[in-house]
Amino acid sequence: MTEHITINSRAYRLPSVPTIIVCIDGCEQEYINQAIQAGQAPFLATLSADGAVLAGDCVLPSFTNPNNLSIVTGVPPSIHGICGNFFFDQEANEEVLMNDAKYLRAPTILAELARAGKHVAVVTAKDKLRSLLGHQLRGICFSAEKADQVTLAEHGIENILARVGMPVPSVYSADLSEFVFAAGLSILTTERPDLMYLSTTDYVQHKHAPGTPEANAFYAMMDGYFKRYHDAGAVIAITADHGMNAKTDAAGRPNIAFLQDRLNAHYGPQLARVILPITDPYVVHHGALGSYATIYLRDEAQIGEVADFLANIQGVEAVLTRVQAAHRFELPPDRIGDLVVLAERLTVLGSASDKHDLSGLTVPLRSHGGASEQRVPLIFNRKVANIAPSRHLRNFDIIDIALNHLV
Ligand SMILES: [Zn+2]
């Protein structure tokens with residue numbers, strides 16, 4: 001009889017072969033399509049016939065942390081609690097970083113499978129995700145960014161630099177993601193984990209459009225590792241935390257709606273506080289500009305009026321109240337503002353123009369955060385069975401499909 005485990009109200013079959021879940025950060029589907037067309041992803045090219053190529057929606061905001069946590073918990077932010085890198089703590093009257101595991105409200109599938117006796121490994125590119133992904137996990141968990149600091153006691157593995165044969169990469173590089181895959185290969189062949197979660201960074205996708213030489217080279221690199229995982233007998237399940245789009249005009253200049261400036265000019269500086277939950281310690285490649293913002297108002301009586309004002313700003317796609325946004329996007333209402341604002345595909349939302357350092361934007365801005373970046377791939381090296389064609393797939397169904405629906 002097959003053993004099952006129920007986590008966050010979903011049942012999962014325990015893995016019987018090494019199963020690798022890959023989250024390619026910022027993987028708009030077109031990156032893979034273009035790499036295949038260019039002949040640079042020969043292994044991925046085989047999977048439409050020999051495996052399964054599906055698509056699903058990520059959670060909103062289409063940011064890294066909410067989606068990585070949805071993937072590893074199997075549930076939306078309304079249940080796991082992580083809805084951005086920042087939220088505004090109204091009691092403390094300050095913006096609070098949500099990278100700490102104390103903000104996580106649900107157990108991860110990773111930790112629960114380890115508790116059930118399965119061998120679990122996690123390798124993430126940036127260290128900011130490590131404490132959330134590794135919460136209560138007894139197993140291997142470390143970041144490429146701090147691979148020189150791994151210890152058996154804290155990370156469940158040691159000597160990883162020597163094993164991988166690469167130096168610690170720069171946090172702003174394609175190499176940071178390559179290190180994740182190289183470390184994954186070493187762990188797959190040495191420790192043979194039952195479940196391994198690999199999470200990259202979107203440095204390349206923020207800088208390079210689908211089909212460019214740099215993007216194709218990045219996908220060629222990944223394709224090579226996927227082939228080696230496949231040849232080593234692993235089940236591979238690939239998805240993304242979010243897509244990626246150009247956020248520019250015809251001349252390559254960024255389309256930015258500076259919401260704090262607009263609100264201050266219209267209502268004075270006291271009424272509204274604009275929070276951009278994309279803000280994190282690594283903003284050089286996107287200037288903390290994404291297509292999602294949440295706004296706290298000092299005077300709740302003005303919510304309707306301010307919502308109308310925002311909806312008329314060029315580039316704004318949707319304005320929702322807290323209740324509407326929590327319901328439609330499955331967000332925790334206590335960690336979003338009075339209003340949630342989404343920008344349309346070509347636009348990003350800023351706070352005040354003098355708060356954004358755009359000097360690091362050496363190429364036309366590409367970013368994410370809105371509904372235009374919601375569609376992401378769900379790709380497997382086995383065929384899927386027993387998934388109703390009408391089922392609305394999400395990226396956080398990836399572990400369900402990988403463990404329950406592959407043949
Ligand atoms: Zn991301």
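Remember, it's 1-based here, ligands and their atoms both numbered in the order they're listed. Quick note: numbers below take in every heavy atom, side chains included, and nothing from hydrogens, waters or symmetry partners.
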Notebook entry, point to check: So, do Phe87 and Tyr103 have ring centers that fall under 6.0 Å from each other?
Noted result: yes

Is there an N/O/S atom in His242 at a distance below 2.8 Å from the Zn ion (ligand 1)?
-> yes

How about Phe43 and Phe226: are their ring centroids closer than 6.0 Å?
no

Closest to the Zn ion (ligand 1), among the N/O/S atoms of Asp241, is atom OD2

The atom of Asp25 among N, O or S that is nearest the Zn ion (ligand 1) is OD1

Can a donor-acceptor pair be found, under 3.5 Å and without considering hydrogens, that links the side chain of Lys383 to the backbone of Ala49?
yes

Sorted by chain and number, sequence neighbours left out, salt bridge (Lys or Arg N to Asp or Glu O under 4.0 Å) with Asp334 holds for Arg105

query = Is the distance from the Zn ion (ligand 1) to some N, O or S atom of Asn68 under 2.8 Å?
reply = no

